[in-house]
Each structure stands twice: as C-alpha cells, then as structure tokens.
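The structure presented is a predicted model; accordingly, all values stated were derived computationally and were not measured. All values below were derived from every heavy atom in this structure, side-chain atoms included, with hydrogens, water molecules and symmetry-related copies excluded. Each chain gets a letter, A, B and so on, in the order its sequence line appears, and its residues count up from 1.
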Protein chains: 2
Amino acid sequence: MRKSDRLIWVAQELLTRPSQTVSVSDLAARLGVAKSSVSEDVAQIRGVLESAGRGTVLSTPGAAGGVRYTPRLPEAERISFAEAMVQALADPSRMLAGGFVYMSDLLGDPLVLDRIGLLFAEAFAEEAVDVVVTVETKGIPLAAATARYLHVPLVVVRREHRVTDGPVVSVHYVSGSSRRIQTMSISKRAMPERARALVVDDFMKAGATAKAVVQLLSEFAATVVGTAVFTATADPAVKLVPSYTALFSLEHLQEGVAPAVSPAGSWVGRR
Amino acid sequence: MRKSDRLIWVAQELLTRPSQTVSVSDLAARLGVAKSSVSEDVAQIRGVLESAGRGTVLSTPGAAGGVRYTPRLPEAERISFAEAMVQALADPSRMLAGGFVYMSDLLGDPLVLDRIGLLFAEAFAEEAVDVVVTVETKGIPLAAATARYLHVPLVVVRREHRVTDGPVVSVHYVSGSSRRIQTMSISKRAMPERARALVVDDFMKAGATAKAVVQLLSEFAATVVGTAVFTATADPAVKLVPSYTALFSLEHLQEGVAPAVSPAGSWVGRR
C-alpha cells in the first residue's frame, strides 16, 4: 500500500470511531507495517484534524493502549449552526398555546442532532462520562447522538414502563407544567451502579423533570456530571437543578410571537 | 498544504458527512487548489474506502453537484457484529414472561446502534428514502442512527401526543400483544406529504404496530419503501405487513429459556 493510501486508511479507521480506543498494534498488523509507521501516520492525521478544528487524536497509555479520535465541531460550522438555530427558533409559528415551543422538526433533523450531540460530547469530554441518560420521548435522538460521540451507553428513563424493561426502579415527582404527580422509571438491568451520568434533554423550563431524573439516578448511587439541554427558558432564571448547560436560551414565550433567542456564550466562539 | 495532508483533509470532510453532498468547488476554494486536484484526491480516497469495504464516494451531477460518501460496514465488522448479537440474544436471562425479550442494553449500546443504523441505511440506500419513521420509544435510537446514515429527517410516531406536537393526525388500531384498541399520532408539521418513508423498529411479532404505522403514513400519501427491524419472531411466519427486513430472527421465546437466534441471510456474508 502506498504511504498516502495508508494515511487515508488509518484516517478512516479513526474518524468512523469517535471516542473509541483503536489499537496501534492491531492497525500495524492489519497493514503489515511497523507500529512506528502507524504512529507517524497518526501524528500526521492529528496535525491535519487539529488545524481543521475537527478535534484531535489522543494516545491512551497502558496494555490496552491505543489511539482515540476526540471529535470537535470546527469553528465555522459552530457559528453557522448557532446562526441557523437562532433563526429557526425565533420563528413565531413555533410558539404554541401555554408557552410551549414546537421543535420536533429540529429534533428530527439529522444535521441538527449530530451537531447537538457533538457539542454536548465536547462540553463533557473531560468528565469521564459512563452513561448518557434521557427521559422519553423527545430528548432520545439528542441523547443517542451524544452517547455516540462519547461512546458510552444510552439509558432511557420511561414515563410508563413495560414488561420489556424487566425489573424497574421508579420515583414519583410533581410535574412542572401540569402540577400533577407523575412517575418515572429506569430498567434496573440497563442502569449501572455508581456511574458518572450525563443527563440530556431537549428543553428545560422549571427543571422539575431534570430534578426527578437526578433523584432517580441517586437510587443507583450515580454521580450526575451535568444536565445538557438544547433549549432552556430564561424564566425562571433559577431552576430546580443546581446547574445545567443549555445551547440556546428562549425568552418571551407566547403563542404566535417571535421569542428572543440567545446562544449560550460558553460554546459559541470558544476555541 | 502538502499533498498527503490534503488527502487527510478531504477524507475528514467526506467521512464525517455520510450521505451528504459535498461541493467539490467549495472544497477546492477552501484549499486554494484547482477542482481537478480535489477530484484526484477524491478518486484516491474512493479507492482506499472501497478496498477497505467501508463504502464508496459517489459523484452527484448537476449544478448542485458534488461528491457524497456512501458508507458501508466492512465484511469483517459485519461478521463479528452478527456473531456478537447472536450470542447476546441467545442469553436465556433476556427471556421475560409472555415471550417478551429484554433488549434495552443492546438498544442503548452506541456500537450496536451505529451498526444497525448503518446496516439499515445500506439495505435501503437505493430506495431514495425521504424520511425515517419510528414509533416511540425503543426504536427511536435505532431510527436516529439510520436517519443519520441516510441523512434524512427522523419522524417519531407518538402513542400519546402532547401540546408540543402541534396539530396531529391519529389512527386507532388493535395492538398485537394486548388486543386492546390503541392510538398513534404524527405531528402534521413534522411529516411531509408524499414522502418515501422507511419504517424502523426494534422488534416485530405479529406486525400490528408496523401495519398501523403504514395506515397512518397513508394519511400523508407516503410510499412506505420498507420496514426494517432489529429482531423479528419466526412465529407467526406471516406478518400483518406484506414485507419487512429483520437483522435477526428469534424462535422458541419462553421465559428463562435460550431462544434460537438466526441472522437474516440477506445481510451477512454479502459483498
């Protein structure tokens, strides 16, 4: 294989496996070259990815060591995504009765899901996340995209559990919007004990759902490393969870009126 | 930029955008080289990807023309995935009362989701799919992975619709397992008219749910190009939908007993 073909080959092995550890010995054996040659290729690929702002390739030490592609959204794509979302979310026809926002189109758009998943994964890349947790239904595609980029399992909290969940752990809580007592459950078998959990959802208003998820996760002795949401309302400013990360903040939610949309400063424009 | 760096750069632009058309003029402008140089790079990348069994790069003609990475799961990964799933599904502890199967761990595993999404996308790559449709809840991560690889929107059918769905279209149907009348709904705004729809789900027994989805989609004048499921029961052999694609077939489902698991011949071992 030509040297330049080998670079492409190593690049495809890394880029199609975000956050997965790939064995350099294994790559070298499959290519029939020395490990040092693969390491040189990886260094060159790392350089190009870093210049392009598309993340980096980290070496993981130890016996099970290897290399791992840690993805990042390039600055230009970050900015154009923020602009597109601000424009889309400010559409007054999204604003429904009761201050609710129609977002199903965005939450089904493969590019939007991929971008959000990558931004969430970036924001929590240093947090040694073991599991991404979401509540059915609308947050699931976002949470799946995040879990893919972090390469950790996805656990879905159910509002109504079924026989296929097996034994479950449930909590009751008071819903923020309906003020009614509701239930949420996790399959005992799906949720590990003492995990570092990232909670992902599409929307946060008061934070009652997120608070209930934290309570449910405490039954599994989990550490909640953060709560990441696509959009949050500016009002109430103080939520029922101590901290959260929102990509976009929405203000003045009223049926048929354009809301004020602000991208969170923490993720736009940072390098 | 060195020629070999440029190859890596073009490769990352393509590989991180499965099924998306990337403009050759745009790539050439960003690199400051002639379009013909980019076309040569793309040809070399195509050659490496094809030899690795990881898909191809197609040229899309016309004014909005460009190049598009069409991904594929390499044969070795296809076989090891099939083997791992056969082993996992044959675990007798998955078999719950009433012939139900616990699969939430697999349906939350990022590698399993990615593989299934890619296999479904491959199987329907020639069908000009406009939208991937699933029914909440367990099929959503699979459907999201499929939509990502096909680069089309995901539409989620709700069992109980909410204010955030906006206006909905609903149908009533008799559930295969409970024999009760149930409802399913799609947000009118989320589902386009006259679309070519691929229906994705985690499990099929009689096919009552899939049949109801087809009926619901007919309200939008959709063409259902196929129904793709992760697992289907061998019994009943004749389902309520005329055709479906299952990756794995399950037989002898009984609480605590190891079932017989067969990978569908159509996708294992094909080249």
Side chain, backbone, both or neither of B/Arg94 within contact of chain A (heavy atoms, under 4.5 Å): both
Counting heavy atoms not belonging to A/Gln254, are there more than 12 under 6.0 Å from its CD? no
Would you call B/Lys138 and A/Arg158 a side-chain contact if the rule is heavy atoms closer than 4.5 Å? yes
Pick one of side chain, backbone, both or neither for B/Ser19, based on which atoms fall under 4.5 Å of a heavy atom in chain A. neither
Does B/Thr16 reach the side chain of A/Glu77, with side-chain heavy atoms less than 4.5 Å apart? no
Quick one: does B/Ser104's side chain get under 4.5 Å of A/Val156's, heavy atoms only? no
Taking side chain as everything from C-beta outward and backbone as N, CA, C, O, which of these in A/Leu96 sits under 4.5 Å from a heavy atom of chain B? Side chain, backbone, both or neither. side chain
Side chains of B/Gln20 and A/Leu111 in contact at under 4.5 Å (non-hydrogen atoms): yes
A quick test of your reading: do over 12 heavy atoms of other residues, nucleotides or ligands sit less than 6.0 Å from CZ of B/Arg159? yes
Picking from A/Val101, A/Asp105, A/Leu15, which has the most non-hydrogen pairs under 4.5 angstrom with chain B? A/Leu15
Measure B/Ile8 against the heavy atoms of chain A and call it side chain, backbone, both or neither at under 4.5 Å. both
Quick one: does any side-chain atom of B/Tyr102 pair with a main-chain N or O of A/Ala190 as donor and acceptor, under 3.5 Å? yes
Under 4.5 Å from any heavy atom of chain B - which part of A/Val155: neither
Minimum heavy-atom distance between A/Asp5 and B/Gln44, given as atom pair plus value: OD1-NE2, 2.8 Å
Is any NZ, NE, NH1 or NH2 atom of the basic residue among B/Glu13 and A/Arg54 found under 4.0 Å from an Asp or Glu carboxylate oxygen of the other? yes
Would you name the heavy atoms of B/Pro141 and A/Leu154 that are closest together and state the gap between them? CG-CD2, 3.7 Å
Can you tell me which of B/Arg2, B/Met103, B/Arg6, B/Glu160 forms the most heavy-atom pairs within a distance under 4.5 Å of chain A? B/Arg2
Do we see a donor-acceptor contact under 3.5 Å between the side chains of A/Ser4 and B/Lys3? no
Can you tell which part of A/Ser187 gets under 4.5 Å to a heavy atom of chain B, answering side chain, backbone, both or neither? side chain
When heavy-atom pairs shorter than 4.5 Å are enumerated against chain B, which of A/Gly108, A/Ala143, A/Pro74 gives the highest number? A/Gly108
Distance check, rounded to the nearest 0.5 Å: A/Met1 atom CE versus B/Ser51 atom OG? 6.5 Å
If I measure from the heavy atoms of chain A, does B/Leu14 come under 4.5 Å with its side chain, its backbone, both, or neither? neither
I'd like to verify something: which residue of B/Thr164, B/Asp114, B/Leu107 has the highest number of heavy-atom pairs under 4.5 Å with chain A? B/Thr164
Non-hydrogen contacts under 4.5 angstrom with chain B: give the residues of residues 130-137 of chain A involved, or none if there are none. A/Glu136, A/Thr137
Chain A contacts: which residues in residues 144-152 of chain B have a non-hydrogen atom closer than 4.5 Å to it? B/Ala144, B/Ala147, B/Arg148, B/His151, B/Val152
